Peer 1: 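Have a look at this one before I ask anything.
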Number of protein chains: 2
Amino acid sequence: MINQTLRDMLQSHGLKATFQRLTILEYLMTHETHPTAEMIHDNLPSISLATIYNTLDKLVDVGIVIVIDTLKDDKRHYDYYGEPHYHIINSNTSEIIDADNFDVTQLFEAARQASGLNITGFHIEVYGVGPNQAK
Amino acid sequence: MINQTLRDMLQSHGLKATFQRLTILEYLMTHETHPTAEMIHDNLPSISLATIYNTLDKLVDVGIVIVIDTLKDDKRHYDYYGEPHYHIINSNTSEIIDADNFDVTQLFEAARQASGLNITGFHIEVYGVGPNQAK
DNA sequence: CCCTCTTTTAGAATTATTCTAATTTAGTTA
DNA sequence: TAACTAAATTAGAATAATTCTAAAAGAGGG
Ligand SMILES: [Mn+2]
Ligand SMILES: [Mn+2]
Ligand SMILES: [Zn+2]
Ligand SMILES: [Zn+2]
């Protein structure tokens, strides 16, 4: 049994705790990178690429994982979403940096006021360049 | 001459003021929708799809236009970026709502502190659902 | 241990986007 | 205005990320 906590995490969202899901989720939780489906598949070659995509879709649906569209390539990057955080993308290197030093409370309240919707989530990507580097 | 202001806007960013660029830019400025390349092409059929893509890429490069990845479809949506603003996406309808009632100053400062980078831009997408509607 | 619904899978299909290479054009210069 | 040239446009082909299909396997409940 890979990990009872992961098993519970999946089942509490109504997902069966398959070997593939446990493996992919553990991979995302233990790696600082923000891999694409293909990168995950390269590291977990025994799991079919179709299952990598299916699993990521499910994990995103229930909110355990988020998608990052960097605009730096045309691939989706995935990220275990333990605690709310946002992403800073280095336009020179395409590196994706995690950051959590920003309170989204005001943003949620502003969005609720502007739209009248019940806010369920957010994506923030901030782009930057290294000192003395062109955009 | 379509509009001298648009012409200046392009030339000030080092872009030649072609008929196609002026037309596409005007289209984005005068439509509240957040169209895909294909939607723009449907409305401006005399401009080739390749040029639509090329032009949007250039306009995004210089910051006049931004890309919105809604996660609701697998197409990029484009938006004239006159004033800084963010997007609220209705998960039920996939509608994209413009909002500017949020000051990004603190976000920029937080991102600078977290990364050491010079911040050049940002994307914020907030997701929400209508009252009494499931996610 | 069954049963049933869900999940996995290989491979094919789709399609948004990119590429190519030939033609046209914007903006500059004389 | 005419000539020049680097940049832009274009049709169509190519690419490749993602989705689909339908058959086999597995998870979890009873
Ligand atoms: Mn985004
Ligand atoms: Mn694609
Ligand atoms: Zn992250
Ligand atoms: Zn907008």
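Naming convention: chains lettered A, B, ... in sequence-line order (proteins, then strands); numbering from 1 in each chain. These numbers were taken from a predicted model, which means no experiment stands behind them.
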Peer 1: What nucleic acid atoms does A:Ala37 come within less than 4.0 Å of, heavy atoms only: base, sugar-phosphate, or nothing?
Peer 2: nothing
Peer 1: B:Leu49 or B:Thr18: which one's nearest nucleotide on DNA chain C is closer to the 5' end?
Peer 2: B:Leu49
Peer 1: Only one of B:Leu22, B:Thr55, B:Val62 clears side chain to side chain contact (heavy atoms under 4.5 Å, CB included) with B:Leu10; which?
Peer 2: B:Leu22
Peer 1: Taking OP1 and OP2 of D:dT10, is either one under 4.0 Å from a side-chain nitrogen or oxygen of B:Gln20?
Peer 2: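 Yes, B:Gln20 has a side-chain N/O under 4.0 Å of OP1/OP2 on D:dT10.
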Peer 1: Check whether any side-chain N or O of A:Arg21 sits under 4.0 Å from OP1 or OP2 of D:dA27, and answer yes or no.
Peer 2: no
Peer 1: Report yes if a side-chain nitrogen or oxygen of B:Thr55 is closer than 4.0 Å to either non-bridging phosphate oxygen (OP1 or OP2) of D:dA8; otherwise report no.
Peer 2: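 Answer no for this pair, as no side-chain N or O of B:Thr55 is under 4.0 Å from OP1 or OP2.
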Peer 1: Atom CD1 of B:Ile52 to atom P of C:dA16: distance rounded to whole Å?
Peer 2: 15 Å
Peer 1: State, to 0.1 Å, how close B:Ala110 and A:Tyr86 come at their nearest heavy-atom pair, and which atoms those are.
Peer 2: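 Residues B:Ala110 and A:Tyr86, closest heavy atoms: C-OH, 3.4 Å.
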Peer 1: So, is A:Lys58 close to the C:dT6 phosphate, meaning a side-chain N or O under 4.0 Å from OP1 or OP2?
Peer 2: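 Checking A:Lys58 against C:dT6: no side-chain N or O falls below 4.0 Å of OP1 or OP2.
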Peer 1: How many whole angstroms separate atom CG of A:Leu10 from atom P of D:dG28?
Peer 2: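 Rounded to the whole Å, the gap is 9 Å.
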Peer 1: Roughly, in whole Å, what's the span from CD in A:Glu38 to P in D:dT19?
Peer 2: 14 Å
Peer 1: The side chain of A:Asp57 lies closest to which of these nucleotides: C:dT9, D:dA17, D:dT19?
Peer 2: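 The answer is D:dT19, which lies nearest to the side chain.
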Peer 1: Taking only the side-chain nitrogens and oxygens of A:Lys16, find out if one of them lies under 4.0 Å from OP1 or OP2 of C:dT6.
Peer 2: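 The answer is no; no side-chain N or O of A:Lys16 sits under 4.0 Å from OP1 or OP2.
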Peer 1: What's the spacing between B:Tyr27 OH and B:Ile52 CD1 if we round to 0.5 Å?
Peer 2: 9.5 Å
Peer 1: Does OP1 or OP2 of D:dT18 have a side-chain N or O of A:Tyr53 closer than 4.0 Å?
Peer 2: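 Affirmative; the distance criterion is met.
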Peer 1: Measuring to OP1 and OP2 of C:dA16, would you say a side-chain N or O of A:Arg76 lies under 4.0 angstrom away?
Peer 2: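 Checking A:Arg76 against C:dA16: no side-chain N or O falls below 4.0 Å of OP1 or OP2.
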Peer 1: Is the closest side-chain donor-acceptor distance between A:Asp69 and B:His123 under 3.5 Å?
Peer 2: no
Peer 1: The side chain of B:Ser48 lies closest to which of these nucleotides: D:dC20, C:dT17, D:dT10?
Peer 2: D:dT10
Peer 1: Got a second to check how far B:Leu28's CG is from B:Leu56's CG, nearest 0.5 Å?
Peer 2: 6.5 Å
Peer 1: Once you round it to whole Å, what is the distance between P of D:dA17 and CD1 of A:Ile40?
Peer 2: 14 Å
Peer 1: Rounded to whole Å, how long is the line connecting atom NE2 of B:His41 with atom C1' of C:dT17?
Peer 2: 14 Å
Peer 1: Rounded to whole Å, please give me the gap between CZ in B:Arg7 and C1' in C:dA26.
Peer 2: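 After rounding, the reported distance stands at 9 Å.
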Peer 1: Could you tell me if the side chain of B:His87 sits less than 4.5 Å from the side chain of B:Asp98, heavy atoms only?
Peer 2: yes
Peer 1: Expressed in angstrom and rounded to an integer, what is the separation of B:Asp74 atom CG from D:dC20 atom P?
Peer 2: 9 Å
Peer 1: Between D:dT9 and B:Thr51, is there an OP1 or OP2 to side-chain N/O distance shorter than 4.0 Å?
Peer 2: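 Checking D:dT9 against B:Thr51, no side-chain N or O comes under 4.0 Å of OP1 or OP2.
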Peer 1: If each of B:Lys75 and B:Leu15 is mapped to the nucleotide of DNA chain C with the nearest heavy atom, which maps nearer the 5' terminus, i.e. the 5' end?
Peer 2: B:Lys75
Peer 1: Among C:dT8, C:dT18, C:dG27, which nucleotide sits nearest the side chain of B:Gln11?
Peer 2: C:dG27
Peer 1: Give the rounded distance in Å between these two atoms: CG of A:Asp73 and P of D:dA17.
Peer 2: 9 Å
